[in-house]
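One structure is given below, encoded as structure tokens.
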There are 4 protein chains.
Amino acid sequence: MDKYLERLKNGTLKLHALEKELPAPEAIGVRRAFIEREAGVSLPKLGSFTMDPSVAVKKNVENMVGAVQVPVGVAGPLVVKGEFAKGPFYVPLATTEGALVASVNRGCGAITRAGGADVRVLRNGMTRAPVFSAKDIIHARGVKEFVDGNFAALAAAAAETTSHGELTGAMAFVTGTTVHVRLEFDTKDAMGMNMVTIAGERIADLIEEKTGARLVALSGNLCTDKKPAAINGILGRGKSVVAGVAMTDALVAEAFKTDSATLAEVNYRKNLIGSARAGSLGFNAHAANVIAAVFIACGQDPAHVVEGSGTFTTVERQEDGVYVAVTIPALQLGTVGGGTGLDTQRECLSILGVAGGGDPPGSHAMKFAEIVAAAVLAGELSLLGALGAGHLARAHKALGRGKTQ
Amino acid sequence: MDKYLERLKNGTLKLHALEKELPAPEAIGVRRAFIEREAGVSLPKLGSFTMDPSVAVKKNVENMVGAVQVPVGVAGPLVVKGEFAKGPFYVPLATTEGALVASVNRGCGAITRAGGADVRVLRNGMTRAPVFSAKDIIHARGVKEFVDGNFAALAAAAAETTSHGELTGAMAFVTGTTVHVRLEFDTKDAMGMNMVTIAGERIADLIEEKTGARLVALSGNLCTDKKPAAINGILGRGKSVVAGVAMTDALVAEAFKTDSATLAEVNYRKNLIGSARAGSLGFNAHAANVIAAVFIACGQDPAHVVEGSGTFTTVERQEDGVYVAVTIPALQLGTVGGGTGLDTQRECLSILGVAGGGDPPGSHAMKFAEIVAAAVLAGELSLLGALGAGHLARAHKALGRGKTQ
Amino acid sequence: MDKYLERLKNGTLKLHALEKELPAPEAIGVRRAFIEREAGVSLPKLGSFTMDPSVAVKKNVENMVGAVQVPVGVAGPLVVKGEFAKGPFYVPLATTEGALVASVNRGCGAITRAGGADVRVLRNGMTRAPVFSAKDIIHARGVKEFVDGNFAALAAAAAETTSHGELTGAMAFVTGTTVHVRLEFDTKDAMGMNMVTIAGERIADLIEEKTGARLVALSGNLCTDKKPAAINGILGRGKSVVAGVAMTDALVAEAFKTDSATLAEVNYRKNLIGSARAGSLGFNAHAANVIAAVFIACGQDPAHVVEGSGTFTTVERQEDGVYVAVTIPALQLGTVGGGTGLDTQRECLSILGVAGGGDPPGSHAMKFAEIVAAAVLAGELSLLGALGAGHLARAHKALGRGKTQ
Amino acid sequence: MDKYLERLKNGTLKLHALEKELPAPEAIGVRRAFIEREAGVSLPKLGSFTMDPSVAVKKNVENMVGAVQVPVGVAGPLVVKGEFAKGPFYVPLATTEGALVASVNRGCGAITRAGGADVRVLRNGMTRAPVFSAKDIIHARGVKEFVDGNFAALAAAAAETTSHGELTGAMAFVTGTTVHVRLEFDTKDAMGMNMVTIAGERIADLIEEKTGARLVALSGNLCTDKKPAAINGILGRGKSVVAGVAMTDALVAEAFKTDSATLAEVNYRKNLIGSARAGSLGFNAHAANVIAAVFIACGQDPAHVVEGSGTFTTVERQEDGVYVAVTIPALQLGTVGGGTGLDTQRECLSILGVAGGGDPPGSHAMKFAEIVAAAVLAGELSLLGALGAGHLARAHKALGRGKTQ
């Protein structure tokens, strides 16, 4: 140990090179010890984990020193009436923010009593948009024309790189001498960022070769990945999902201690007028909270919470109640790859019945998307209800400060 | 055990009520067993954790069934030259996405070789915006005039609810009969959402009483919390931070295998033109990745990654190199409250020297903000460099699929 | 004539230099003849105008060849209940789009029957935002600190350039090495762009001198002038105005052949959901139409229609009717300067009682703003009513194709 | 006369009904006299016009009282190298804002000396998006599926209403229970709003009939008409046009008294960073100014300036100069219909060689679009140059206040 620490200290051994000399568990231990010494701290809990580090250091993380533990609660049963997800589910939520699970749980209860949430996936396509430089606008237009006219060739290029994914669309955008080509893929049960990056590179090679345009970057921000962007709201990214539920006035009163008119007014003045006035791209109450908690529990990329925050929540009066819906244009998720292979994360996916690849391929990711949308609906319902009932601050006071009774 | 499972099954015991009858560890065990049975799965790893569950179930989560483990790597040393953070830091990053830590680490190396990143907090203020209904536009204007003319009274009302925080601003927005009042607070070392919600409620009571307007919701989306919104980019939320570093052409070449002109062009065509064309509110490469990883490691609210994604990355040619900067208008974080009290999360904060409240109050949160901004800068530099060098797809191939050598 | 045409043709006389050799009417005639010859066309009507060309060529236009005639209709009486505009008004609308005046007129009728529109100006401030380059982020922060701490000095600098206007605000925005300083002025009865540009230059000189930052451009797009921008919706530009009217169910039925619920639903699904889904900054039906028509009639800058299009229209059910309002955050207008001095435009302003400077200064512009907001309200009401009644296409068929009977 | 005035006064004759009793010129005269009396003003100049009022009152305006005269200047020669517009053009600009024509003219000179501006139309399609209400999200998804699967039927329905236009696209957007169907048409030489509204109504009838969804409004704001919206930037509306020009360092210096590096920096800090920071959808300097002036001169709908303001201006250093381009995603214009039939407006169109319908149909509108884009490029170049040279305030001082010498 000391020998390694000394070499790390004097720079003859790089922190990231420890795995080359030691098995993963030891490498991690030495590295943690080095950090403890450098920072003058002790990290015993960070060093306590049950995952197989030899897998993690290869697929999920570099310079590993341990693992952080995020408590997981369940909300449910939540009855989902999708095309892939049917029946009651308990949704695992990893969070450190008191009141969140309780809130979603309350929404699940209301939805379930209402007979369940209808859910449909409207669109499906993961995107990557390489960006090219053309020499002038005529050249740029030529690149666009090449893309518009050669879809089969682009698809064939993509097919050389993957047998799982498939190119399903290509749109070229000219901005002066800059050309973005937004490629869209069906990536089945994978979230698919790696797949589309690799396929995108092959397609970019082809475009460079055939048009003489120069590839500037494999990702040109029209994807748009992990940034809020209207393009994802309009064209979709990953899964575009919609979930809705009709609730009677009686159920609203019972579940949320408020009434249908108030629920609709809160949504109107907060989620519509408020977001419009804020120059926002997200017209919802807290979709990001629910998506973040499910994503962390289930090994998804948590930065994709950004796109999920572009959810539209709608509440409309109906004859004797309300219809509440969430529309999530860009929900990126997968049940294979990324963090889905880690033990605790896979267990969380298994609670939903979506661990690993589905049969047929893609069906697990679709089912997962439907459940997440229903959970977001539950979260929205519950928070709108709480706001309507004036509960918010009181709930925070009680739960946030550790006084639950 | 079986008795509880039976009562849960037949509905005579609610899932969330287990802690009323059993100590936390047992309650969690029964609940997990129930979920295992309901879902027909086994969750042994989820049940293995070292945190103190009796704390977690009171402050952080409800319906707890276990904990998910997220691997943590470190990037560094990263030399930060802030007003609160000075010197080299190792930044803990919790992630399941291979290549992220390696990428940030590469950026840290470059920054450190360049002498470190300058960082400054430009603004500091956590917000909450209750929304009111007025009876007509003249009444609405009256509410605005009340807010504009009675700051001291609003501040006094807030002060009744907290000795830690302080009201620092209040702006009223009229939209027809709807009035939003965006309240801004200095919340010291706390991220402050609970604090501002509670203080906001008291202020809302005062506004209702004095103006006759009716409170519709304590949060009216002009805050804006966990949704992308221009208002946060313009007025700031939480900490507004800027970090920058000058790099020579030689260092760019050595660190990123590319050149300064390419770095600037990638930023221009991707982060500026691409984001503009996408209708985006985020002009960066992947700020959300870095913020998400630090936030999960350090017990922050991961849904606040949404606001962080509104970062502006700029790259400008200088005489013999480039100047690269990130501007993060809305970075919400804290070193007390929320998930910061959990063992592994507090250990991660301790690596940065910011666990718990600072002396003076607020200084830990400021220091933490400076370090995060520098880490985001490292992440941006590295990804721009990789894109410039055409490395992206290859890096994903190697690291994402578990072939690191 | 021929001599001039020959010199223009052979390049020894520049087109714009004609006024140096000839009185305005002759210069215009020669120039028009030259264009007729070059383009091979005849422009007799363009040459028929009654304005005093010697004024126009000095203040309003260069290279003048004539004048275009835009037909003007009136809508009204429109009863306005503002703080400056009180009573019935006939609003002049210059337009070539059949059905527009008729539509606004119908809305005026409904408002007037409802007792008139309440209108209030919420804010008043014309802006200009010079942009500076700093050498690094610390320097940039220093510029912001200078601006934040020296308002009096900035105001004094502005005061050297104008006795009419007054600096009322200054906000600095740091983005990496770029610093924008958004200056806000009370420009009284002038729209004020020239005034603020000139005052802005003096302030920019001071900032350069005191901070060492370099002025890059006097207008840095955070103004924001003539581009749609969230900043104007949030902070306002020019006049921020709100107008509203309550209408009974009976009046809705009589005036619009539809009902209150339908009016509210059209606004909800079109102006709120539709605009949200479009990634729009304008949540209204056609505010731009009305603003454009009034602006062209009254000698305003028609490019400011862009900001006006960021209007929020709201329709809410009330006990026995609806409350309809328009909120216009950025309405830039004036009654002196620009095109207000031209004969026909001044006559249009006179119809509203706002030609020339008001007493006290600024009151004419305020009154004008109130009337415009009420007219926008009339236009919104009418179009929403027509959509509700399913009239739109039929109205277009009849009026757009010249079949009015 | 007095008899009519009395009847108007006592309400037995409606202002808009005058044309039913009197020939247009007399009707206009009586109406103007009535307004003069009501407002206590005299409107002699407004009553002086040369257009044929009997045409105007049928097609362009209701309640006509006269015409406003807007001075027209020309900028040019501007060499355009498009697919439809080839050669030098003089561009008519109707404006009351001093300095605008001079500025555009300076840009035209520079472009022409550079050999002309390349221009290409990238896309062409006028849109209208009716909005429907579905009973739940499953029904809403069904509407989308109907639209996705029945393009031929939709096109056939459209074809029943017009022989000029043609349906070229249909996209359905589900938001909860709301469904927008964005229809796109080739409207040849017409701007096409009436055409697409009428065809859109027929298609909406079909969708109602086949799906049972209820039409809420023929225009649902996803068109998006006359509001700033990301959807138009992404998908285009009307013509999507790009224009570009390469200029040598020498020409930049000569034409603009600045240098290429400065031009690029002004664009970067103002049009890119500034607009990004403002939450803007327009990344340009003053495209709206040029579009407004051409549109008013040429009888276009001036409210469409809103969409034009969403222009992207790019300036890039090249080996020995700069490449400057403008990309206008949504330029709506036509050479038949609307105001194009009025005398002075048609004369302005004739200067550009685009009055009336083209041969083949649509070619005039394409040519017109190319010229407008080149003119916008001229305006951008000139203002960026002026800002670069620090001329702005001085230019305003001299020209805006009538001191041209």
Side-chain angles (χ1 to χ4, degrees), chain A residues 39 41 43 45-46 48-50 56 58-64 67-69 71 73 94 96 101-102 131 194 201 216-218 220-222 224 226-231 266 269-270 274-275 278-282 288-289 292 302-303 306 309 339 343-344 347 350-351 387 392-393 396 400 402, chain B residues 39 41 43 45-46 48 50 56 58-64 67-69 71 73 94 96 101-102 131 178 194 201 216-218 220-222 224 226-231 266 269-270 274-275 278-282 288-289 292 302-303 306 309 339 343-344 347 350-351 387 392-393 396 400 402:
Chain A
V41 296
L43 306 170
K45 304 286 185 166
L46 206 58
S48 299
F49 50 85
T50 61
K58 277 194 186 139
K59 296 198 174 177
N60 303 101
V61 72
E62 298 82 41
N63 274 355
M64 185 172 171
V68 78
Q69 296 174 19
T96 62
V101 176
V131 54
N194 287 350
E201 186 177 32
V216 173
L218 258 176
N221 278 22
L222 255 86
T224 297
K226 300 172 179 173
K227 274 87 61 183
I231 200 170
V266 170
R269 297 205 195 259
K270 170 188 173 67
S275 287
S280 180
L281 292 170
N289 272 337
V306 173
S309 70
D343 292 338
T344 49
E347 286 184 4
S350 76
I351 297 175
L387 287 165
L392 186 66
H396 272 287
Chain B
V41 297
L43 308 169
K45 303 287 184 164
L46 205 58
S48 299
T50 62
K58 277 195 187 137
K59 297 198 173 176
N60 302 101
V61 73
E62 298 81 42
N63 274 355
M64 184 170 172
V68 77
Q69 297 175 21
T96 62
V101 176
V131 55
T178 303
N194 287 349
E201 185 177 32
V216 173
L218 259 175
N221 278 22
L222 257 85
T224 300
K226 301 172 179 171
K227 273 86 61 184
I231 200 170
V266 170
R269 297 205 195 258
K270 171 188 172 66
S275 287
S280 180
L281 292 169
N289 272 337
V306 173
S309 70
D343 292 338
T344 50
E347 285 183 6
S350 78
I351 298 175
L387 286 166
L392 186 64
H396 271 285

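Every chain is numbered from 1 and lettered A, B, ... according to where its sequence line falls, protein lines coming before strand lines. Below, each value reflects all heavy atoms present in this structure, side chains not excepted, and no hydrogens, waters or symmetry copies.
Listed options B:Ala56, B:Pro71, B:Ala288, B:Ser275 were ranked by heavy-atom pairs under 4.5 angstrom with chain A; first place goes to B:Pro71. Interface check for chain A: of the options B:Ala303, B:Pro302, B:Ala292, B:Ala39, the most heavy-atom pairs under 4.5 Å are formed by B:Ala303. Top candidate by heavy-atom pairs under 4.5 Å with chain B, chosen from A:Val101, A:Val68, A:Leu281, A:Asp343, is A:Val68. Annotation: maximal heavy-atom pairing with chain A below 4.5 Å, among B:Ala94, B:Ser48, B:Gly279, occurs at B:Gly279.
In this structure, CG on A:Leu46 lies 5.5 Å from CD1 on B:Ile351, to the nearest 0.5 angstrom. Between atom CG of residue B:Leu387 and atom CG of residue A:Leu218 there is a gap of 7.0 Å, rounded to the nearest 0.5 Å. Atoms OG and CD1, on B:Ser280 and A:Ile231 in that order, are 10.0 Å from each other to the nearest 0.5 Å. The CG atom of B:Leu222 sits 10.0 Å away from atom NZ of A:Lys270, with the distance rounded to the nearest 0.5 Å.
Considering every non-hydrogen atom in both B:Val216 and A:Arg269, the closest pair reads CG2-CD, 3.9 Å. When all heavy atoms of A:Ala67 and B:Thr344 are compared, the pair lying nearest together is O-CG2, 3.7 Å. Closest approach of B:Ala102 to A:Glu62, counting heavy atoms only: N-OE1, 2.8 Å. Closest heavy-atom contact between B:Ser309 and A:Pro228: OG-CD, 3.1 Å.
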Original post:
Taking it one step at a time, do B:Thr96 and A:Val61 satisfy side chain to side chain contact (heavy atoms under 4.5 Å, CB included)?
Top reply: CA-CA 6 Å; B:Thr96 62; A:Val61 72; over 6 Å; no
**OP:** Give the intermediate values and the outcome of side chain to side chain contact (heavy atoms under 4.5 Å, CB included) for residues B:Asn289 and A:Lys226.
**Re:** CA-CA 8 Å; B:Asn289 272 337; A:Lys226 300 172 179 173; 2.8 Å; yes
**OP:** List the steps and the verdict of side chain to side chain contact (heavy atoms under 4.5 Å, CB included) for A:Leu43 and B:Ser350.
**Re:** CA-CA 9 Å; A:Leu43 306 170; B:Ser350 78; 3.9 Å; yes
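For A:Val131, the part lying near chain B is the side chain, with the backbone staying farther off; criterion is any non-hydrogen pair under 4.5 Å. Looking at B:Ala278, the atoms closer than 4.5 Å to chain A (heavy atoms on both sides) sit in the backbone and in the side chain alike. The part of A:Val41 that comes within reach of chain B is its side chain, from C-beta onward, which places non-hydrogen atoms under 4.5 angstrom from that chain. If you measure heavy-atom distances from A:Ala229 to chain B, the contacts under 4.5 Å come from both the backbone and the side chain. Heavy atoms of A:Thr224 lying under 4.5 Å from chain B belong exclusively to its side chain.
Judged purely by atom type and a 3.5 angstrom limit, A:Glu347 uses its side chain to pair as donor or acceptor with the backbone of B:Lys45.
Residues B:Gln69 and A:Thr50 meet the side-chain proximity criterion, which asks for heavy atoms closer than 4.5 Å.
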